[in-house]
Amino acid sequence: MPELPEVETTCRGVRPLLTGHTLTGVRVRCARLRWPVDPELASRLTGVRVTAVSRRAKYLLMALDSGATLIIHLGMSGSLRHVPADTPPERHDHVDLLLGEHCLRYRDPRRFGAILYCPGPVELHPLLVKLGPEPLSDGFDSEVLFAACRGKTAAIKTVLMDNHVVVGVGNIYANEALFAAGVRPTRPAGQVSRDACQRLAAAIRATLLRAIEAGGSTLRDFTDAIGKPGYFQQQYAVYGRTGQPCHACATLVQHTRLGQRSSFFCPHCQT
DNA sequence: CTTTGCACCTGTTGGC
DNA sequence: TGCCAACAGGTGCAAA
């Protein structure tokens, strides 16, 4: 579920609940996530204070005053909810981070997500160390994208979704940004002009920012039901609109498959 | 090194 | 109405 906007919204939602607070316990009901949850997680975290909550790509990073970091990834179906600690867990509620009377509850039906304890410098963690720039930072611009496209025969959409090039661009936003930039997802990256890269970089930024704003305005309290994924659905220009008319020219949106991922485009607007 | 396809899971959907 | 295959927003990793 979570694309970068949902992860960013989750990050902003949990930040005030965690920052400066001490974890009073951890309940692990199911440790079988993408990677097994550390069996010693409870003893490592109990009594430890959270000093900061941030995000890198789609990883949530909870900095601890012990110098360690708790890394949480929501995978495809994960969510964090803020509920009273005595709320009976439902199916797929795998982990609770206890905060006195309340807790942060991790739910993940597909269990593609992860909860990892990183004792050392988190920026050196194997999962983070090779990541490309954040799409909303100065580290990502059209020149970075253009350079990454040089000489590549792979489809531009594949490059946009490559975490070594830029992080956080999932399937939905790759499709949407390509439409906004007028670039066909199947176009070989090496044939994408500097000008098109300019439009793509801007479109990625605008598309993500718009979604984050939509999420932020939906989100008043990060409590209970609001923490669930898909809580802000927005209008997509092409994603999931196979056979429906393009909003710009009424040509029917086409569907194709690129590296096992659904791709949608307007054959008239995108070249 | 690049590129491709698989694997990890469960829940939902669409076609027959 | 019922059943089952196909598919779902991620992404690390093995294999080619």
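Letters A, B, ... are given to chains in the order of the sequence lines, protein chains preceding strands, and every chain is numbered from 1.
For A:Tyr106 and A:Asp108, the side-chain atoms include at least one donor-acceptor pair closer than 3.5 Å. In the model, A:Thr87 has no side-chain atom that pairs as donor or acceptor with a side-chain atom of A:Arg105 under 3.5 Å. Between the side chains of A:Ser263 and A:His255, not a single donor N or O lies within less than 3.5 Å of an accepting N or O. Between A:Asp65 and A:Thr51, the side chains place no donor N or O within less than 3.5 Å of an acceptor N or O (distance only, hydrogens not considered). For the residue pair A:Asn171/A:Lys157, the side-chain donor-acceptor check at 3.5 Å is satisfied.
When heavy atoms are screened at a 4.0 angstrom cut-off, A:Arg111 is found touching the sugar-phosphate backbone but no base atom. When heavy atoms are screened at a 4.0 angstrom cut-off, A:Arg261 is found touching base atoms of the nucleic acid. Residue-level contact check: A:Leu127 touches the backbone only, with heavy atoms under 4.0 Å from sugar-phosphate atoms and none from bases.
A:Arg110 places its CZ atom 13 Å from the P atom of C:dT11, with the value rounded to the nearest Å. Remark: C1' of C:dG10 and NE2 of A:His164 are 14 Å apart, rounded to the nearest angstrom. Protein atom CD1 of A:Ile71 is 16 Å distant from nucleotide atom C1' of C:dG10, rounded to whole Å. Computed from coordinates, the A:Leu131 CG to C:dC13 P distance equals 12 Å when rounded to whole Å. Regarding A:Leu128, its CG atom lies at a distance of 13 Å from the C1' atom of C:dT11, rounded to whole Å. Per the geometry, NE2 belonging to A:His255 stands 11 Å off C1' belonging to C:dA8, to the nearest Å. Atom CG of A:Leu74 and atom P of B:dC8 are 22 Å apart (whole Å). One interatomic measurement links the two molecules: CG of A:Asn171 to P of C:dA8, which rounds to 8 Å at whole-angstrom precision.
In DNA chain B, stems built from 3 or more consecutive Watson-Crick or G-U wobble pairs, each with both distances under 3.5 Å, span B:2-8 with C:10-16, B:10-16 with C:2-8.
Residue A:Ser262 is the one, among A:Ser262 and A:Ala57, whose nearest nucleotide of DNA chain C lies closer to the 5' end (criterion: closest heavy atom). Comparing A:Tyr59 and A:Tyr239 by the nucleotide of DNA chain C that holds the closest heavy atom to each, the one mapping nearer the 5' end is A:Tyr239.
Proximity of A:His92 to the phosphate of B:dC9: no side-chain N or O atom is located under 4.0 Å from OP1 or OP2. When the side-chain nitrogen and oxygen atoms of A:Thr153 are compared with OP1 and OP2 of B:dT2, none of them lie within a distance under 4.0 Å. Residue A:Arg34 places none of its side-chain N or O atoms closer than 4.0 Å to OP1 or OP2 of B:dA7. Remark: A:Lys152 is not in phosphate contact with B:dT2, judged by side-chain N or O atoms under 4.0 Å from OP1 or OP2. Side-chain N/O atoms of A:Tyr173 include none lying less than 4.0 angstrom from OP1 or OP2 on C:dG9. Residue A:Arg32 places none of its side-chain N or O atoms closer than 4.0 Å to OP1 or OP2 of B:dT10.
A distance of about 22 Å separates the C1' atoms of C:dC13 and B:dT10, rounded to the whole Å. Of the C1' atoms belonging to C:dG9 and B:dT3, the separation is 23 Å, rounded to the nearest Å. When the P atom is used for both C:dC7 and B:dG5, the distance is 15 Å, rounded to whole Å.
In this pair, A:Phe112 lays its aromatic ring flat on the base of B:dC8, centres within 5.5 Å and planes under 30 degrees apart.
The side chain of A:Gln260 approaches B:dG5 more closely than any other nucleotide in the set B:dG5, B:dG11, C:dG9. Checking C:dG12, B:dC6, C:dG9 against the side-chain heavy atoms of A:Glu6 singles out C:dG9 as nearest. With C:dA8, B:dG11, C:dG10 as the candidates, the nucleotide lying closest to the side chain of A:Arg257 is C:dA8.
Only one option out of A:Thr256, A:Asn175, A:Val253 pairs with A:Phe265 in a side-chain contact (heavy atoms from CB on, under 4.5 Å); it is A:Thr256.
Checked by atom type and distance alone, the side chain of A:Asp38 pairs as donor or acceptor with a backbone atom of A:Glu40 at under 3.5 Å.
A:Cys266 and A:Gln270 make their closest contact through N-OE1, 2.7 Å (heavy atoms, listed as atom of the first residue, atom of the second, distance).
Between A:Arg81 and A:Asp93 there is no salt bridge, since no side-chain nitrogen of the basic residue lies less than 4.0 Å from a carboxylate oxygen of the acidic one.
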